[in-house]
J.: 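Below you will find the structure I want to go over with you.
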Amino acid sequence: GRVALAEQPGHPLPEHPRPDWERADWVNLNGDWKFAFDKRDAGLEERWYAEPDERFGRRIRFSVQSNLWAVTDELAELFREYGVSVGTSLDGFREMCDSQRGEGYYEKTTASEKVLAAHGIEAGRICTFSALHADQAKRVFEESARPYAVHGAVPSYGMADSGMSVDCEQMARILLDSFDAYRADPSHSRVSTIDSMARGCLEGRGFDECGEKGFVLLSVDEEKKSVT
């Protein structure tokens, strides 16, 4: 369905974010927005726009995905004030992360996470597994004290494979090993990718992670409400 939008008054940060790129005609989307899903495509006919306070009860949130190295106390406070969701890529333990992203990456990013934490912000983490570390999912879980999502490395758009990309069998191993470690000690940490797949099973949605070699990781006992 379409999404019907209603803009609320006020424009915090009214200036153009990039003065060097500013054009004569542009629209400032900063501010407080609310929205509702129009699954029946009835918003115009029923004049939802005439009663935004009654119709629109959910907010659009802005998010930032970064290595966080430029984060300062001032920027962290700005994120907190405007409720910006912050995410970063941190690939497992130090040796794994630095071998995939460069020496010193792990230390710099975790230092910036601490700056955010001082302002009450916990950055979401994405752990990308390259072909070099497809067998390290269990260790990643055991050494992670924070929730994270699991990604498999793929070539950048339009670029040749550097040899770091994972194939279907490797991705299957990463997910299965992550699941086994998570199931063995669910109170240790949280793997949001596995949570999403389990939720999909409960809601009757399937997964096709690798095209013709697609696989289903989880089965759900609806009576016991358990995942195996």
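Position 1 is the first residue of the sequence; numbering continues from there. Remember, predicted model here, so these are calculated numbers, not experimental data. Side-chain atoms are counted along with the backbone in the values below, which use heavy atoms only and exclude waters and symmetry mates.
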J.: Just wondering, are more than 12 heavy atoms of other shown residues or ligands nearer than 6.0 Å to CD in Glu77?
T.: yes
J.: Checking Val150 against Met171 for the side chain to side chain contact (heavy atoms under 4.5 Å, CB included) test, could you report, in this order, the C-alpha distance in whole Å, the side-chain angles of both residues, the deciding distance, and whether it holds?
T.: CA-CA 10 Å; Val150 173; Met171 193 64 214; 4.1 Å; yes
J.: For Val71 and Leu75, work out which heavy atoms get closest and say how close.
T.: CA-CD2, 4.1 Å
J.: Between CG of Asp38 and CD of Glu46, what distance do you get to the nearest 0.5 Å?
T.: 7.5 Å
J.: Check whether Ser63 reaches the backbone of Ser85 with its side chain - one donor and one acceptor, N or O, closer than 3.5 Å.
T.: no
J.: Donor-acceptor check, side chain of Thr88 to backbone of Arg125, threshold 3.5 angstrom: yes or no?
T.: no
J.: What distance separates Leu90 CG from Ile126 CD1, expressed to the nearest 0.5 Å?
T.: 11.0 Å
J.: Measuring from Asp167:CG to Gln170:CD, what's the distance to the nearest 0.5 Å?
T.: 4.0 Å
J.: Is Glu45 paired with Arg40 through a side-chain N to carboxylate O contact shorter than 4.0 Å?
T.: no
J.: Looking at every heavy atom in both Ser189 and Ser144, which two are closest together, and how far apart are they?
T.: CB-O, 3.5 Å
J.: Measuring from Glu122:CD to Leu116:CG, what's the distance to the nearest 0.5 Å?
T.: 10.5 Å
J.: Please report the C-alpha distance between Arg101 and Ser89 in whole Å, then the side-chain angles of each, then the deciding distance to 0.1 Å, and finally whether the side chain to side chain contact (heavy atoms under 4.5 Å, CB included) criterion is met.
T.: CA-CA 10 Å; Arg101 297 188 180 271; Ser89 292; 3.5 Å; yes
J.: Under a 3.5 Å threshold, yes or no: a donor from one side chain and an acceptor from the other, between Gln100 and His133?
T.: yes
J.: At their closest point, which heavy atom of His119 faces which heavy atom of Ala76, and how far apart are they?
T.: CD2-CB, 3.6 Å
J.: Would you give the length of the straight line joining atom OG1 of Thr109 to atom CG of Asn67, rounded to the nearest 0.5 angstrom?
T.: 5.5 Å
J.: When you look at Thr72 and Val115, which way does the side chain to side chain contact (heavy atoms under 4.5 Å, CB included) test go after all the steps?
T.: CA-CA 7 Å; Thr72 61; Val115 174; 6.0 Å; no
J.: Just by modelled atom types, is the Met96 backbone N or O under 3.5 Å from a matching donor or acceptor in the Asp91 side chain?
T.: no
J.: Indicate whether the side chain of Ser187 and that of Asp185 have a donor and an acceptor atom separated by less than 3.5 Å.
T.: yes
J.: Applying a strict under-4.5 Å side-chain criterion to I, L, V, M, F, W and Y, I'd like to know whether Leu68 and Val64 cluster together.
T.: yes
J.: Stepwise, does the salt bridge (charged side-chain N to carboxylate O under 4.0 Å, His left out) test hold for Glu95 with Arg139?
T.: CA-CA 12 Å; Glu95 296 86 353; Arg139 180 180 173 186; 3.8 Å; yes
J.: Could I get the full list of salt bridge (charged side-chain N to carboxylate O under 4.0 Å, His left out) partners for Asp195, not counting sequence neighbours?
T.: Arg190
J.: Let me check something: do Met164 and Phe129 share a hydrophobic cluster, defined by ILVMFWY side-chain heavy atoms less than 4.5 Å apart, either directly or through other members?
T.: no
J.: Examine distances only and state if a side-chain atom of Arg146 and a backbone atom of Ala123 form a donor-acceptor pair shorter than 3.5 Å.
T.: yes
J.: Is Ser165 close to Pro155 at the side-chain level, that is, under 4.5 Å between some pair of heavy atoms?
T.: yes
J.: Answer yes if Val166 and Tyr148 sit in the same cluster of Ile, Leu, Val, Met, Phe, Trp and Tyr residues linked by side chain heavy atoms under 4.5 Å apart, and no otherwise.
T.: yes
J.: So, taking the atom named OH in Tyr106 and the one named CZ in Phe93, what distance separates them when rounded to the nearest 0.5 Å?
T.: 10.0 Å
J.: Is the centre of the His188 ring less than 6.0 Å from the centre of the Phe141 ring?
T.: yes
J.: Between the main-chain N or O of Ala137 and the side-chain N or O of Asp177, is there a donor-acceptor pair closer than 3.5 Å?
T.: no
J.: Thinking salt bridges, do Glu142 and Lys138 make one under a 4.0 Å N-O criterion?
T.: yes
